[in-house]
Amino acid sequence: MKKQFLTTSIALTIGLSTFGGILPATNQAMDVKAATTTNVQHNDQAVAAKADQLIQTGKSLIGQATYSNTVYKPTYPYKFSCASFIMYIFEKNGVDLATYNEDYMIQQGTYVPRNQLQKGDLLFFKSKTTGTDPDHVGMYIGDNKMIHMADSKQNIVISDLNSKPYYTDNYVSARRVLPTLLPSNPATKGDTIVQNAFDYKDKVTMSTTNDEKNLRFTGPGFVNYVYKKSGVNLGTTNLKDQMNLGTTVSRNSLKKGDLVFFNSVPGSSTPSQVAIYAGDQRLIIPSSSGITTRVMFVDYYNQHYIKAKRVF
């Protein structure tokens with residue numbers, strides 16, 4: 001369901017973090033093509049194991065969590081909306097969706113026909129009569145069933161997709177985010193950079209100066225540290241100098257580990273923020289409020305996007 005707490009969260013983050021702009025929803029014809037492309041970078045066994053982990057985490061919260069579209073509380077007593085529940089169980093298993101908004105989740109991964117669902121796929125529903133965005137999301141767990149935060153009366157439940165008219169009449173689409181959000185096998189340099197950034201996400205302190213020994217960094221200082229730990233020497237903690245490194249890449253050609261730069265004044269070529277591209281429209285963003293992850297789908301960030309650079 002729509003989450004009222006999203007507005008507050010973005011308001012606190014704007015100016016400190018940066019996304020990109022809203023991208024048009026991919027049509028199903030294009031999505032079907034993407035879904036039928038073989039992903040040679042992952043093996044089915046690893047994806048199935050990750051899906052089972054997600055399902056186990058979701059089931060463990062049955063009877064423990066309650067529904068709220070105004071409060072997100074990822075510790076006991078847990079409070080989730082349908083989308084923040086999905087985000088939480090993925091994040092707990094090392095997969096960062098970088099959003100608790102079903103509008104953005106439906107733009108990640110690849111489209112999956114309903115008759116080809118696999119464990120871990122995200123399922124989207126729309127009961128409202130206005131707009132085009134989904135208003136509910138759940139996760140497929142096999143045997144024509146999904147686990148989801150249903151509403152304030154049911155909380156987290158497992159539902160058969162044919163058990164109620166709601167599930168049959170309001171079904172919109174399904175997206176496969178495994179394996180696209182997982183590291184490649186073997187891991188690429190970009191995967192290593194992204195993993196190191198995630199590993200240090202909750203260990204560093206943001207500051208106005210850089211102190212590697214005590215893990216205190218400016219935004220560009222954090223980026224420089226992560227890349228150095230990953231075997232890539234940027235050689236600078238200066239934001240403008242970092243934007244002059246490497247090769248400029250177009251937004252639709254971004255790869256994991258690319259640097260993405262944003263300004264504070266739309267149209268300005270002077271950067272005020274750098275982020276690490278984490279794949280599938282996700283960003284790892286160092287700012288004065290800490291290290292956050294977001295998706296590149298929001299108007300504000302489209303207006304402030306400058307360029308992206310590939311530095312390895």
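Hydrogens, waters and symmetry mates play no part in the numbers below; they use all other heavy atoms, side chains included.
- Formation of a donor-acceptor pair under 3.5 Å by the Gln273 side chain with backbone atoms of Pro286 is found in this model.
- Rounded to the nearest 0.5 angstrom, Phe90 CZ and Met139 CE are separated by 6.0 Å.
- Annotation: salt bridge (charged side-chain N to carboxylate O under 4.0 Å, His left out) contacts of Asp199 (sequence neighbours excluded): none.
- Linking ILVMFWY residues whenever their side-chain heavy atoms come closer than 4.5 Å, directly or via other members, leaves Val157 and Phe125 in distinct clusters.
- Sorted by first and then second residue, the salt bridge (Lys or Arg N to Asp or Glu O under 4.0 Å) pairs involving residues 80-91 (not counting sequence neighbours) form an empty list.
- Between Tyr305 and Phe262, the ring planes are perpendicular. Angles over 60° get that label, and only those under 30° would be called parallel.
- Taking Thr293 as the reference, Asp96 meet the side chain to side chain donor-acceptor pair (under 3.5 Å) condition, with sequence neighbours excluded.
- Of all the heavy atoms in Gln108 and Val295, the pair that sits closest is NE2-CG1, 3.9 Å.
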Check: Leu161 and Tyr171: side chain to side chain contact (heavy atoms under 4.5 Å, CB included), yes or no, with the steps?
Finding: CA-CA 9 Å; Leu161 294 176; Tyr171 179 87; 5.7 Å; no
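- Residues in residues 201-221 take part in these ring-ring contact (aromatic ring centres under 6.0 Å, His included) pairs, two or more places apart or across chains: Phe217-Tyr225.
- A donor-acceptor pair under 3.5 Å links the side-chain atoms of Thr99 to the main chain of Asn101, judged by distance alone.
- Looking only at distances, no side-chain donor or acceptor of Gln107 sits under 3.5 Å from a matching main-chain atom of Phe297.
- Here the straight-line distance linking atom CG of Asp103 with atom CG of Asp135 works out to 9.0 Å at 0.5 Å rounding.
- Not one N or O on the side chain of Lys128 forms a donor-acceptor pair closer than 3.5 Å with the backbone of Thr130.
- Note that CG of Leu283 is 11.0 Å distant from CG of Leu259, once rounded to the nearest 0.5 Å.
- Considering Arg282, Met296, Lys255 as possible partners of Tyr277, the one that fulfils the side-chain contact (heavy atoms from CB on, under 4.5 Å) test is Met296.
- Looking only at side-chain heavy atoms (C-beta outward), Val232 and Thr192 stay at 4.5 Å or farther from each other.
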Notebook entry, point to check: Where do Asn69 and Ser81 land on the side-chain hydrogen bond (donor to acceptor under 3.5 Å, both in side chains) test, with the steps shown first?
Noted result: CA-CA 5 Å; Asn69 67 350; Ser81 67; over 6 Å; no
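- Across every non-hydrogen atom of Val226 and Ile276, the tightest pair is CG1-CD1, 4.3 Å.
- Applying the salt bridge (charged side-chain N to carboxylate O under 4.0 Å, His left out) criterion to Lys50, with sequence neighbours excluded, gives no partner residue.
- Shortest non-hydrogen contact noted between Ser173 and Tyr111 is OG-CD1, 3.3 Å.
- Of all heavy-atom pairs between Ser60 and Thr57, the closest is OG-O, 2.6 Å.
- With sequence neighbours left out, the side chain to side chain donor-acceptor pair (under 3.5 Å) criterion links Asp121 to Arg176.
- At least one donor-acceptor pair closer than 3.5 Å links the side chain of Lys309 to the backbone N or O of Met243.
- Residues meeting the salt bridge (charged side-chain N to carboxylate O under 4.0 Å, His left out) test with Lys256, sequence neighbours left out: Asp191.
- Across all their heavy atoms, Ile156 and Gly58 have their closest contact at CG2-O, 4.3 Å.
- Under the 4.5 Å side-chain contact rule for hydrophobic residues, Ile89 and Tyr76 share a cluster.
- Under 3.5 Å, the side chains of Ser127 and His136 contain no donor-acceptor pair of N or O atoms.
- Asn155 places a side-chain N or O within donor-acceptor distance of the main-chain N or O of Tyr67, the cut-off being under 3.5 Å.
- Legend: side chain to side chain donor-acceptor pair (under 3.5 Å) pairs involving residues 235-245, not counting sequence neighbours: none detected.
- Rounding to the nearest 0.5 angstrom, the gap separating the OH atom in Tyr167 from the NZ atom in Lys145 is 12.5 Å.
- Closest approach of Ala174 to Phe124, counting heavy atoms only: CA-CD1, 4.5 Å.
- Here the side chain of Asp151 pairs a donor or acceptor atom with the backbone of Lys153 at under 3.5 angstrom.
- Two residues are said to be in side-chain contact when any heavy atoms from C-beta on lie closer than 4.5 Å; Arg294 and Tyr301 fail this criterion.
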Margin query: I'd like to know whether Ile55 forms a side chain to side chain contact (heavy atoms under 4.5 Å, CB included) with Ile147, so could you lay out the CA-CA distance, the side-chain angles of the two residues, the decisive distance to 0.1 Å, and finally the verdict.
Written below: CA-CA 8 Å; Ile55 294 168; Ile147 188 168; 5.7 Å; no
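- Separation of atoms CG (Leu239) and CG (Asn224) is listed at 12.0 Å; rounding is to 0.5 Å.
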Next item on the list: Test side chain to side chain contact (heavy atoms under 4.5 Å, CB included) on Tyr104 and Gln281 and set out the steps.
Entry: CA-CA 10 Å; Tyr104 301 150; Gln281 304 302 321; over 6 Å; no
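- Sparse packing is recorded around CD of Gln56, with 12 or fewer heavy atoms of other residues, nucleotides or ligands lying under 6.0 Å away.
- A salt bridge (Lys or Arg N to Asp or Glu O under 4.0 Å) check over residues 216-229, counting only residues at least two apart or in different chains, returns the pairs Glu212-Lys228.
- Under the side chain to side chain donor-acceptor pair (under 3.5 Å) criterion, Lys59 pairs with no residue at all, not counting sequence neighbours.
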Notebook entry, point to check: Does the side chain to side chain contact (heavy atoms under 4.5 Å, CB included) test come out yes or no for Met206 and Ile291, once each step is laid out?
Noted result: CA-CA 8 Å; Met206 302 310 294; Ile291 311 300; 3.5 Å; yes
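- Panel note: side chain Tyr227, backbone Gly231; no donor-acceptor pair is recorded below 3.5 Å.
- Expressed to the nearest 0.5 Å, how far CG of Asn144 lies from CD1 of Ile141 amounts to 10.5 Å.
- Counting heavy-atom neighbours within 6.0 Å of Lys201 NZ, excluding the residue itself, gives a total above 12.
- For residues 158-172, no residue pair satisfies the salt bridge (Lys or Arg N to Asp or Glu O under 4.0 Å) rule, not counting sequence neighbours.
- In this structure a side-chain-to-backbone donor-acceptor pair under 3.5 Å is missing from Ser84 to Phe80.
- In this structure, the side chain of Lys73 does not engage the main chain of Ala65 through any donor-acceptor pair within 3.5 Å.
- A search for side chain to side chain donor-acceptor pair (under 3.5 Å) contacts involving Ser253 returns Ser250, not counting sequence neighbours.
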